[in-house]
**Q** 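Here it is, the structure, as C-alpha coordinates.
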Amino acid sequence: MNSIDEYVKSVKAGEVEDFQPIVEMYQKQIYVYCCRMLGCKHDAQDAVQDIFIKAYTKLFTYEPKVSFSAWLYKIAYHHCLNLLRKRVIRQRVHRLLRTSGITESPEQKLDRQWFSAPLEYAMSRLSADERNLLVLRVFEEKPFAEIAMILDKNTDAVKKKYMRIKQKTIKWIGEKEGEEQCGNEMSPIKIKC
(Lines give C-alpha, C1' and ligand atoms only; values in the text may rest on other atoms or scores of the structure.)
Protein backbone atom coordinates (compact mmCIF):
# COMPACT_ATOMS: atom_id res chain seq x y z
CA MET A 1 0.00 0.00 0.00
CA ASN A 2 1.34 3.41 -0.95
CA SER A 3 1.81 6.21 1.53
CA ILE A 4 -0.11 9.45 1.15
CA ASP A 5 3.03 11.24 -0.05
CA GLU A 6 3.52 8.62 -2.77
CA TYR A 7 -0.07 9.12 -3.96
CA VAL A 8 0.37 12.91 -3.94
CA LYS A 9 3.60 12.63 -5.90
CA SER A 10 1.90 10.33 -8.40
CA VAL A 11 -1.06 12.69 -8.87
CA LYS A 12 1.31 15.62 -9.35
CA ALA A 13 3.07 13.56 -12.03
CA GLY A 14 -0.22 13.21 -13.92
CA GLU A 15 -1.64 9.95 -12.56
CA VAL A 16 -5.11 11.41 -11.89
CA GLU A 17 -6.62 8.09 -10.79
CA ASP A 18 -4.24 8.05 -7.78
CA PHE A 19 -6.28 10.85 -6.21
CA GLN A 20 -9.11 8.36 -5.50
CA PRO A 21 -7.21 6.53 -2.72
CA ILE A 22 -6.51 9.92 -1.11
CA VAL A 23 -10.22 10.70 -1.13
CA GLU A 24 -11.02 7.27 0.31
CA MET A 25 -8.49 7.75 3.14
CA TYR A 26 -9.85 11.12 4.27
CA GLN A 27 -13.45 11.33 3.08
CA LYS A 28 -15.08 10.07 6.28
CA GLN A 29 -12.90 12.21 8.57
CA ILE A 30 -13.56 15.35 6.56
CA TYR A 31 -17.29 14.58 6.42
CA VAL A 32 -17.52 14.21 10.21
CA TYR A 33 -15.50 17.41 10.65
CA CYS A 34 -17.83 19.29 8.28
CA CYS A 35 -20.92 17.90 10.02
CA ARG A 36 -19.67 19.22 13.31
CA MET A 37 -18.61 22.57 11.91
CA LEU A 38 -21.73 23.16 9.83
CA GLY A 39 -24.26 21.28 11.96
CA CYS A 40 -26.03 19.92 8.87
CA LYS A 41 -25.42 16.59 7.15
CA HIS A 42 -26.60 17.79 3.74
CA ASP A 43 -24.33 20.86 3.82
CA ALA A 44 -21.48 18.63 5.00
CA GLN A 45 -21.91 16.25 2.05
CA ASP A 46 -21.74 19.14 -0.40
CA ALA A 47 -18.79 20.65 1.46
CA VAL A 48 -16.79 17.42 1.32
CA GLN A 49 -17.13 17.30 -2.45
CA ASP A 50 -16.06 20.93 -2.77
CA ILE A 51 -13.13 20.43 -0.39
CA PHE A 52 -11.74 17.49 -2.35
CA ILE A 53 -12.14 19.39 -5.61
CA LYS A 54 -10.20 22.28 -4.07
CA ALA A 55 -7.60 19.88 -2.71
CA TYR A 56 -7.17 18.31 -6.15
CA THR A 57 -6.84 21.65 -7.93
CA LYS A 58 -4.40 22.97 -5.32
CA LEU A 59 -2.43 19.76 -4.87
CA PHE A 60 0.54 21.29 -6.67
CA THR A 61 0.88 23.71 -3.71
CA TYR A 62 1.17 20.92 -1.13
CA GLU A 63 4.65 20.47 0.29
CA PRO A 64 5.42 17.49 2.56
CA LYS A 65 6.88 19.89 5.17
CA VAL A 66 3.48 19.73 6.87
CA SER A 67 1.31 16.65 7.15
CA PHE A 68 -1.16 16.10 4.34
CA SER A 69 -3.89 15.80 6.97
CA ALA A 70 -3.14 19.30 8.33
CA TRP A 71 -3.06 20.71 4.79
CA LEU A 72 -6.44 19.11 3.97
CA TYR A 73 -8.05 20.19 7.25
CA LYS A 74 -6.88 23.74 6.58
CA ILE A 75 -8.74 23.69 3.26
CA ALA A 76 -11.79 22.22 5.04
CA TYR A 77 -11.62 24.86 7.77
CA HIS A 78 -11.56 27.77 5.33
CA HIS A 79 -14.32 26.23 3.22
CA CYS A 80 -16.58 25.69 6.26
CA LEU A 81 -15.84 29.19 7.52
CA ASN A 82 -16.93 30.64 4.17
CA LEU A 83 -20.11 28.54 4.22
CA LEU A 84 -20.91 29.70 7.76
CA ARG A 85 -20.45 33.33 6.73
CA LYS A 86 -22.76 32.84 3.75
CA ARG A 87 -25.29 31.10 6.00
CA VAL A 88 -25.38 34.09 8.37
CA ILE A 89 -26.08 36.42 5.45
CA ARG A 90 -28.81 34.09 4.10
CA GLN A 91 -30.40 33.87 7.54
CA ARG A 92 -30.49 37.65 7.84
CA VAL A 93 -32.14 37.98 4.45
CA HIS A 94 -34.52 35.13 5.25
CA ARG A 95 -35.57 36.79 8.52
CA LEU A 96 -36.35 39.97 6.62
CA LEU A 97 -38.46 38.13 4.06
CA ARG A 98 -39.92 35.41 6.30
CA THR A 99 -43.63 35.07 6.71
CA SER A 100 -45.09 33.81 9.97
CA GLY A 101 -46.30 30.26 10.38
CA ILE A 102 -43.38 28.44 8.73
CA THR A 103 -42.72 25.12 10.42
CA GLU A 104 -39.49 23.24 10.69
CA SER A 105 -38.85 20.53 8.07
CA PRO A 106 -37.97 16.99 9.17
CA GLU A 107 -34.39 17.52 7.90
CA GLN A 108 -34.09 20.71 9.98
CA LYS A 109 -35.33 18.81 13.04
CA LEU A 110 -32.74 16.06 12.50
CA ASP A 111 -29.99 18.62 12.00
CA ARG A 112 -31.03 20.40 15.18
CA GLN A 113 -30.78 17.11 17.09
CA TRP A 114 -27.31 16.21 15.71
CA PHE A 115 -25.79 17.10 19.08
CA SER A 116 -27.18 16.72 22.56
CA ALA A 117 -29.11 19.81 23.60
CA PRO A 118 -26.48 21.03 26.10
CA LEU A 119 -23.61 20.53 23.65
CA GLU A 120 -25.56 22.07 20.77
CA TYR A 121 -26.35 25.05 22.99
CA ALA A 122 -22.69 25.50 23.93
CA MET A 123 -21.46 25.02 20.33
CA SER A 124 -23.97 27.58 19.04
CA ARG A 125 -22.58 30.20 21.41
CA LEU A 126 -19.03 29.76 20.13
CA SER A 127 -17.68 31.76 17.22
CA ALA A 128 -16.76 29.82 14.07
CA ASP A 129 -13.06 30.03 14.99
CA GLU A 130 -13.71 28.78 18.51
CA ARG A 131 -15.95 25.97 17.25
CA ASN A 132 -13.29 24.95 14.75
CA LEU A 133 -10.62 24.70 17.44
CA LEU A 134 -12.93 22.69 19.70
CA VAL A 135 -13.96 20.34 16.88
CA LEU A 136 -10.36 19.74 15.80
CA ARG A 137 -9.21 19.01 19.35
CA VAL A 138 -12.19 17.14 20.85
CA PHE A 139 -13.93 15.42 17.96
CA GLU A 140 -11.06 15.00 15.51
CA GLU A 141 -8.50 14.43 18.31
CA LYS A 142 -5.81 16.45 16.56
CA PRO A 143 -2.65 17.32 18.52
CA PHE A 144 -2.08 20.99 19.31
CA ALA A 145 0.91 21.18 16.96
CA GLU A 146 -1.20 20.06 14.00
CA ILE A 147 -4.05 22.40 14.95
CA ALA A 148 -1.53 25.24 15.09
CA MET A 149 -0.42 24.38 11.52
CA ILE A 150 -4.03 24.29 10.31
CA LEU A 151 -4.80 27.66 11.90
CA ASP A 152 -1.43 29.31 11.14
CA LYS A 153 -0.99 30.03 14.85
CA ASN A 154 1.62 29.41 17.53
CA THR A 155 1.13 26.11 19.40
CA ASP A 156 1.17 27.81 22.82
CA ALA A 157 -1.41 30.36 21.65
CA VAL A 158 -3.63 27.52 20.42
CA LYS A 159 -3.33 25.74 23.78
CA LYS A 160 -4.27 28.89 25.70
CA LYS A 161 -7.20 29.64 23.42
CA TYR A 162 -8.38 26.04 23.70
CA MET A 163 -8.34 26.22 27.51
CA ARG A 164 -10.50 29.38 27.42
CA ILE A 165 -12.91 27.77 24.96
CA LYS A 166 -13.01 24.60 27.06
CA GLN A 167 -13.95 26.58 30.18
CA LYS A 168 -16.67 28.50 28.33
CA THR A 169 -18.07 25.33 26.78
CA ILE A 170 -18.15 23.45 30.08
CA LYS A 171 -19.88 26.42 31.71
CA TRP A 172 -22.52 26.61 28.97
CA ILE A 173 -23.09 22.84 28.97
CA GLY A 174 -23.58 23.05 32.73
CA GLU A 175 -26.04 25.91 32.32
CA LYS A 176 -28.09 23.99 29.78
CA GLU A 177 -27.96 20.76 31.76
CA GLY A 178 -29.08 22.73 34.80
CA GLU A 179 -32.11 23.92 32.87
CA GLU A 180 -32.98 20.35 31.97
CA GLN A 181 -34.20 17.94 34.60
CA CYS A 182 -31.78 15.44 36.15
CA GLY A 183 -33.60 12.58 34.40
CA ASN A 184 -32.41 13.60 30.94
CA GLU A 185 -29.33 11.95 29.49
CA MET A 186 -26.01 13.65 29.99
CA SER A 187 -23.84 14.76 27.09
CA PRO A 188 -21.61 11.90 25.91
CA ILE A 189 -18.91 14.34 24.85
CA LYS A 190 -16.02 14.82 27.24
CA ILE A 191 -13.94 17.96 26.81
CA LYS A 192 -10.38 16.68 27.09
CA CYS A 193 -7.26 18.50 28.23
**Q** Measuring from Ser3:OG to Lys9:NZ, what's the distance to the nearest 0.5 Å?
**A** 9.5 Å
**Q** Rounded at 0.5 Å granularity, tell me how far OG1 in Thr155 sits from CD1 in Ile147.
**A** 9.5 Å
**Q** Has Lys161 got more than 12 heavy atoms of other residues, nucleotides or ligands less than 6.0 Å from its NZ?
**A**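 Atom NZ in Lys161 is packed in, count exceeds 12.
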**Q** Around atom NZ of Lys12, are there more than 12 heavy atoms from other residues, nucleotides or ligands closer than 6.0 Å?
**A** yes
**Q** How many angstroms lie between atom CD1 of Ile22 and atom CG of Leu72, to the nearest 0.5 angstrom?
**A**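 Rounded to the nearest 0.5 Å, the CD1-CG separation comes to 9.5 Å.
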**Q** Rounded to the nearest 0.5 Å, what's the gap from CZ on Phe144 to NZ on Lys160? Could you check?
**A**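 One finds 12.5 Å between CZ of Phe144 and NZ of Lys160.
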**Q** Under the side chain to side chain contact (heavy atoms under 4.5 Å, CB included) criterion, do Leu126 and Trp172 qualify, and how do the steps go?
**A** CA-CA 10 Å; Leu126 295 173; Trp172 290 331; 3.6 Å; yes
**Q** Can you confirm whether Asp43 sits close enough to Leu83 that some side-chain heavy atom of one is under 4.5 Å from a side-chain heavy atom of the other?
**A**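 Of all side-chain heavy-atom pairs linking Leu83 with Asp43, none is under 4.5 Å.
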**Q** Who passes salt bridge (charged side-chain N to carboxylate O under 4.0 Å, His left out) against Asp156, sequence neighbours left out?
**A** none
**Q** Taking C-beta and beyond as the side chain, do Leu134 and Glu130 meet within less than 4.5 Å on heavy atoms?
**A** no
**Q** Any pair with a residue in residues 16-26 that passes salt bridge (Lys or Arg N to Asp or Glu O under 4.0 Å), sequence neighbours left out, goes on the list, sorted by first then second residue, please.
**A**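 Salt bridge (Lys or Arg N to Asp or Glu O under 4.0 Å) check on residues 16-26 returns no pairs.
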**Q** Any chance you could measure Tyr162, atom OH, to Leu136, atom CG, to the nearest 0.5 Å?
**A**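 So the OH of Tyr162 and the CG of Leu136 are separated by 11.0 Å.
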**Q** Sequence neighbours left out, what passes ring pair (Phe, Tyr, Trp, His ring centres under 6.0 Å) with Tyr33? Give chain and number order.
**A**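 Ring pair (Phe, Tyr, Trp, His ring centres under 6.0 Å) check on Tyr33 returns Tyr73.
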**Q** Taking it one step at a time, do Arg87 and Cys40 satisfy side chain to side chain contact (heavy atoms under 4.5 Å, CB included)?
**A** CA-CA 12 Å; Arg87 184 185 291 168; Cys40 172; 4.3 Å; yes
**Q** Can you give each donor-acceptor pair under 3.5 Å made by side-chain atoms of residues 52-66, sequence neighbours left out, with the distance rounded to 0.1 Å?
**A**
residue	atom	partner	partner atom	Å
Lys54	NZ	His79	ND1	2.8
Thr57	OG1	Ile53	O	3.2
Thr57	OG1	Lys54	O	3.0
Thr61	OG1	Lys58	O	2.6
Tyr62	OH	Asp5	OD1	3.2
Tyr62	OH	Val66	O	3.1
Tyr62	OH	Phe68	N	3.3

**Q** Taking atom CD1 of Ile165 and atom CZ of Arg131, what is their separation to the nearest 0.5 Å?
**A** 11.0 Å
**Q** Between His42 and Gln45, is any pair of side-chain heavy atoms under 4.5 Å apart?
**A** yes
**Q** Can you confirm whether Val11 sits close enough to Glu15 that some side-chain heavy atom of one is under 4.5 Å from a side-chain heavy atom of the other?
**A** no
**Q** Please enumerate all residues that pass salt bridge (charged side-chain N to carboxylate O under 4.0 Å, His left out) together with Lys74, with sequence neighbours excluded.
**A**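 Only Asp152 meet the salt bridge (charged side-chain N to carboxylate O under 4.0 Å, His left out) criterion with Lys74.
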**Q** What residues, two or more places apart in sequence or in another chain, satisfy side chain to side chain donor-acceptor pair (under 3.5 Å) together with Lys159?
**A** none
**Q** Provide the closest heavy-atom pair for Cys80 versus Leu38 in the form atom of the first, atom of the second, distance.
**A**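 Reported closest heavy-atom pair: O-CD2, 3.8 Å.
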**Q** Checking Tyr77 against Asn82: is there a side-chain donor and acceptor pair closer than 3.5 Å?
**A**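 On atom types as modelled, these side chains do not qualify, holding no pair under 3.5 Å.
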**Q** Who are the side chain to side chain contact (heavy atoms under 4.5 Å, CB included) partners of Ser67, not counting sequence neighbours?
**A**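 Ser69, Ala70, Glu146.
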**Q** Excluding sequence neighbours, so at least two apart, what forms salt bridge (charged side-chain N to carboxylate O under 4.0 Å, His left out) with Arg125?
**A**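 Listed in chain order: Glu175.
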**Q** Minimum heavy-atom separation for Ala128 and Leu81, please, with both atom names.
**A** CB-CD1, 3.3 Å
**Q** Do Trp71 and Met149 have side chains that approach each other closer than 4.5 Å (heavy atoms only, starting at C-beta)?
**A**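 Of all side-chain heavy-atom pairs linking Met149 with Trp71, none is under 4.5 Å.
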